[in-house]
Every structure is written in structure tokens, then in C-alpha cells.
> 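I'd like to ask you about the structure that follows.
So you know, we letter chains A, B, ... as the sequences are listed, proteins then strands, and number each from 1. In this text, all values refer to a predicted model and were calculated from it rather than measured experimentally.
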2 protein chains.
Amino acid sequence: MRTSPPKERADAARNRAVVLEAAAALFREHGVDAVSMDAIAAAAGVGKGTLFRRFGDKAGLAVALLDEQERTLQEAILFGPAPLGPGKPGDDPTPRERLHAFVAAYLDYLLAHLPLVHMSETASPGARYRIAAYRFWHRHVSLLLSDRDDPQADAHTLLAALAAEHVQAATGDLGETRVRRAALTLANALML
Amino acid sequence: MRTSPPKERADAARNRAVVLEAAAALFREHGVDAVSMDAIAAAAGVGKGTLFRRFGDKAGLAVALLDEQERTLQEAILFGPAPLGPGKPGDDPTPRERLHAFVAAYLDYLLAHLPLVHMSETASPGARYRIAAYRFWHRHVSLLLSDRDDPQADAHTLLAALAAEHVQAATGDLGETRVRRAALTLANALML
DNA sequence: GGACGTTACCGGACCACGGTCCGCTTCCAC
DNA sequence: GTGGAAGCGGACCGTGGTCCGGTAACGTCC
């Protein structure tokens with residue numbers, strides 16, 4: 001919620017909002033993959049340079065669009081009720097319960113925004129592992145797996161099965177239900 | 001080894017060979033990512049159209065370059081000695097042993113050719129899951145997991161952890177040793 | 001063996017896209 | 001009002017990928 005230090009100029013803030021709205025509308029209308037950055041810039045009445053300076057690249061734009069929902073999920077994990085969050089003193093969920101809840105909630109989020117998340121993860125090579133969100137999920141899962149020999153490595157393993165690319169392909173092959181079950185199976189298998 | 005049915009024209013065969021050689025040389029020299037399709041075409045003394053018609057896209061070119069080594073591994077799996085292959089009657093390896101051997105052998109192959117495999121999997125969205133090789137690995141792993149509730153889904157899970165993109169990022173974060181261990185851990189965890 | 005029609009194949013001009021660059025404009029603090 | 005910096009926009013670049021008029025290889029028929 002910090003707004004003070006860098007101080008954003010008025011026209012900049014206005015443009016950011018206009019761009020995000022235009023992008024959201026175009027994505028809804030034509031599908032994420034069919035919309036070019038040129039088109040977004042044109043629809044927003046803004047130069048292409050502006051667009052790239054503010055969002056870095058196409059993945060950055062996707063991240064910005066997902067930001068709100070992503071933060072909601074992250075806050076539920078950090079401060080929300082059990083089993084997804086830590087809960088209030090007294091109803092402490094087990095790590096297994098929390099991991100299950102995380103996988104289920106993350107898949108809800110992912111499947112609801114698959115094309116956008118996919119774009120945020122694949123627009124540039126290695127994008128997925130650079131964005132802040134990945135580090136957040138990884139940290140959270142690592143903590144829940146802290147009884148294992150190498151929690152960080154196992155957390156990467158779990159998250160590999162939640163990659164947009166993988167979930168998209170597996171869903172096409174097996175359907176959503178089996179993919180969800182498989183992810184929960186994995187979570188189980190990794191809890192000793 | 002079939003050569004008869006489609007009958008490839010002489011110049012076509014010569015061009016294919018020239019292109020593959022040129023590509024291999026350029027990749028060795030400058031690294032896979034730094035070499036454009038234009039450069040390959042020019043180095044091979046061939047038009048760009050030729051290149052794309054024969055290999056489809058950049059991923060196809062990578063697949064062609066990997067073809068030999070990939071086939072070696074596949075044949076070892078199908079017909080080779082235990083524990084990677086089925087072995088001769090009498091020394092039947094358990095599925096667990098075979099799965100371990102597969103993961104180890106696949107990681108050898110993958111890490112030896114990471115940039116090329118990465119290109120073959122990410123050049124176009126969803127490429128990884130379309131190429132024949134993926135279906136082969138998936139089928140093999142499914143068979144080894146046939147005691148599980150949903151072998152196909154679990155096979156996808158295992159292969160997600162062997163995706164070039166994931167292994168590349170995880171290796172950068174944790175180092176090769178821990179990534180290898182994590183993959184074997186996963187194989188273990190999925191064997192009931 | 002040589003001319004011929006068919007057809008697979010070739011090559012490079014062409015396109016759309018993501019991304020960069022830099023001279024000009026606009027905003028803001030003083 | 002003014003100086004300077006943050007921001008703007010669109011021309012520009014290199015890339016992966018497509019298209020199509022031309023070319024050369026091959027089977028065939030004399």
C-alpha cells in the first residue's frame with residue numbers, strides 16, 4: 001500500500017489506468033493470445049513506448065492485470081482463516097491441511113484466469129521464475145514442507161505441477177477433475 | 001529406418017543435411033538462443049522458406065537435431081538392459097527400479113542438451129506436449145505407474161518436474177545435485 | 001539417350017509481432 | 001515563470017513465420 005516514495009506523475013497514473021482498462025476489454029473480447037501490444041496501445045490512445053515503459057513487457061502487463069486477485073489470495077494465505085491461512089490461535093491447521101488448501105485455492109485462481117496467467121509465465125523465457133508471485137508461492141510451500149529433507153527443492157517440484165503451461169496441457173488431455181486430483185495427490189505424496 | 005514410401009528428392013535430402021550441420025555448428029559457436037533462423041539459412045546457403053518447410057518451426061529444428069540421442073534413449077528404454085530397459089527374462093526389474101533409472105537417464109539426457117531441449121519445448125506455446133517424444137515418455141511412465149489410481153495423471157505430474165523450463169530454473173536456484181535428488185524423491189513418492 | 005510435362009521443392013520478398021530508442025512535450029517544485 | 005526531469009509517442013529494428021513465382025529434379029514416352 002505504499003504510495004509515497006517514488007511519487008507517480010498525474011498523466012502517468014491516468015495512462016496506466018486507461019491502458020489496463022483497454023487491455024482487459026480487448027482480452028475479454030478477442031482472447032488474450034489474439035491481442036497484440038500495438039492493438040492495446042491504439043485502443044488506449046497511447047504510444048507503444050508508454051506501454052512498454054510502464055509494464056516492461058507483455059508478461060508484465062498480465063501481471064498487472066492479475067495483481068488484485070493475486071494479492072487477495074496471498075493475503076488469505078498470510079492472514080486469513082484456516083486451513084488456507086494460519087487461522088486464529090486455537091484452530092491451528094496442520095501443514096498438510098494448509099498445503100491441500102493452498103493447492104485447491106491456487107488451482108481455483110489459476111483455472112479462472114488460465115490464459116492470463118499463461119501469458120504472464122511464458123511471454124519471455126524464464127518469466128515464471130522471475131516474477132515476485134512465484135517466489136511468494138515457493139516460500140509458502142517451502143515453509144509447509146519444512147519437515148522434509150529439502151523443502152525448497154520439493155516446493156519447486158510441487159509448483160512445477162501448477163505451471164500454467166502444464167495445467168493447460170494436462171487439462172486438455174485429462175479434464176479439470178483429474179488434474180485437480182493429481183495435484184492433490186502430489187501434495188499428499190510430498191507430505192512424507 | 002524406413003526410406004521407401006515418401007521418397008525424398010535428392011536436393012531435398014542434401015539441403016536437410018547441410019542445414020542440420022550448419023545449425024549444429026552455429027549453436028556450438030554462439031549458443032542456441034543467440035542464433036536466428038535467418039543466420040542458419042544464410043550459413044547453410046539456403047532460403048528461409050526451405051528451412052521452415054522442412055522443419056516447421058524453430059522447435060522442429062531442435063527436435064531434428066536431438067533426434068538421434070533421443071532415439072538412443074528410447075531404444076534403451078524399450079529393449080535395453082535392466083533397470084532402464086525391461087532386461088532379459090530372469091532379471092526383471094521392479095517398476096520402481098525402472099522409474100528411478102528412467103528419471104536418472106532422462107536427466108542425463110536433458111542436462112547434456114538443456115538449451116536445445118528448452119528450445120524444442122518452448123519455441124511455440126504448448127510445443128512440449130505436442131511433440132512425439134513427450135507422448136513416448138508419458139506412455140512409458142504411465143505404464144510404470146499402472147498400480148496407481150490414475151497413472152496417466154501422475155505421469156503428467158512426474159514429467160512436469162522434468163520440463164526443461166523448470167529444470168533450468170531450479171538448477172539455477174539450487175544446483176544440479178539437489179534438482180536430481182528432488183526428481184528421484186518425486187519418483188519415489190509416486191510409487192505408493 | 002534425349003526431350004517433356006509434372007510436381008516437389010526452392011528462395012527470398014513480405015508480414016505481424018514484441019521490444020527499443022530518442023527527440024519532443026508535459027508536468028511539477030520552486 | 002522557469003528549469004529540469006519524468007513521461008510520451010511513434011519511427012525503427014530484428015525475429016519467427018508465410019507466400020508464391022520460378023526452378024530444377026524425376027518418371028515417362030519416344
> Check the distance between D:dG17's P and B:L61's CG and give it to me in whole angstrom.
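Taking atom P of D:dG17 as the reference, CG of B:L61 is at 11 Å.
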> State, with a plain yes or no, whether a side-chain heavy atom of B:L107 is found less than 4.5 Å away from one of B:L184.
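No, too far: nothing below the 4.5 Å cut-off.
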> Considering residues at least two apart in sequence or located in another chain, which fulfil the salt bridge (charged side-chain N to carboxylate O under 4.0 Å, His left out) criterion with B:D108?
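Here the qualifying residues are B:R180.
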> According to side chain to side chain donor-acceptor pair (under 3.5 Å), who are the partners of B:S36, at least two apart in sequence or on a separate chain?
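None.
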> Rounded to the Å, how far apart are B:L51 CG and D:dT18 P?
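It works out to 12 Å between those atoms.
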> Is any NZ, NE, NH1 or NH2 atom of the basic residue among B:R128 and B:E165 found under 4.0 Å from an Asp or Glu carboxylate oxygen of the other?
no
> From CZ of B:R9 over to C1' of C:dT6, roughly how many Å is that when rounded to an integer?
11 Å
> Could you tell me how far apart B:I40 (CD1) and D:dG14 (P) are, to the nearest whole angstrom?
18 Å
> With sequence neighbours left out, what residues match A:D11 under side chain to side chain donor-acceptor pair (under 3.5 Å)?
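Side chain to side chain donor-acceptor pair (under 3.5 Å) check on A:D11 returns A:R9.
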> Do the non-hydrogen side-chain atoms of A:L61 and A:M37 ever get within less than 4.5 Å of each other?
yes
> For DNA chain D, find the residues of residues 10-19 of chain A with a heavy-atom distance under 4.0 Å and give them by number; none if there aren't any.
A:D11, A:A12, A:N15
> Residues in ring-ring contact (aromatic ring centres under 6.0 Å, His included) with B:Y106, at least two apart?
B:F102, B:Y109, B:W137
> For a quick check under 3.5 Å, do B:R130 and B:S124 share a side-chain donor-acceptor pair by atom type?
yes
> Collect all protein-nucleotide pairs involving nucleotides 17-22 of chain C in which both atoms are nitrogen or oxygen and the distance is under 3.5 Å.
| from | atom 1 | to | atom 2 | distance (Å) |
| --- | --- | --- | --- | --- |
| C:dG18 | OP1 | A:K58 | NZ | 2.9 |
| C:dG18 | OP2 | A:M37 | N | 2.8 |
| C:dG18 | N7 | A:K48 | NZ | 3.1 |
| C:dG19 | OP2 | A:K58 | N | 3.1 |
| C:dG19 | N7 | A:K48 | NZ | 2.8 |
| C:dG19 | O6 | A:K48 | NZ | 2.5 |

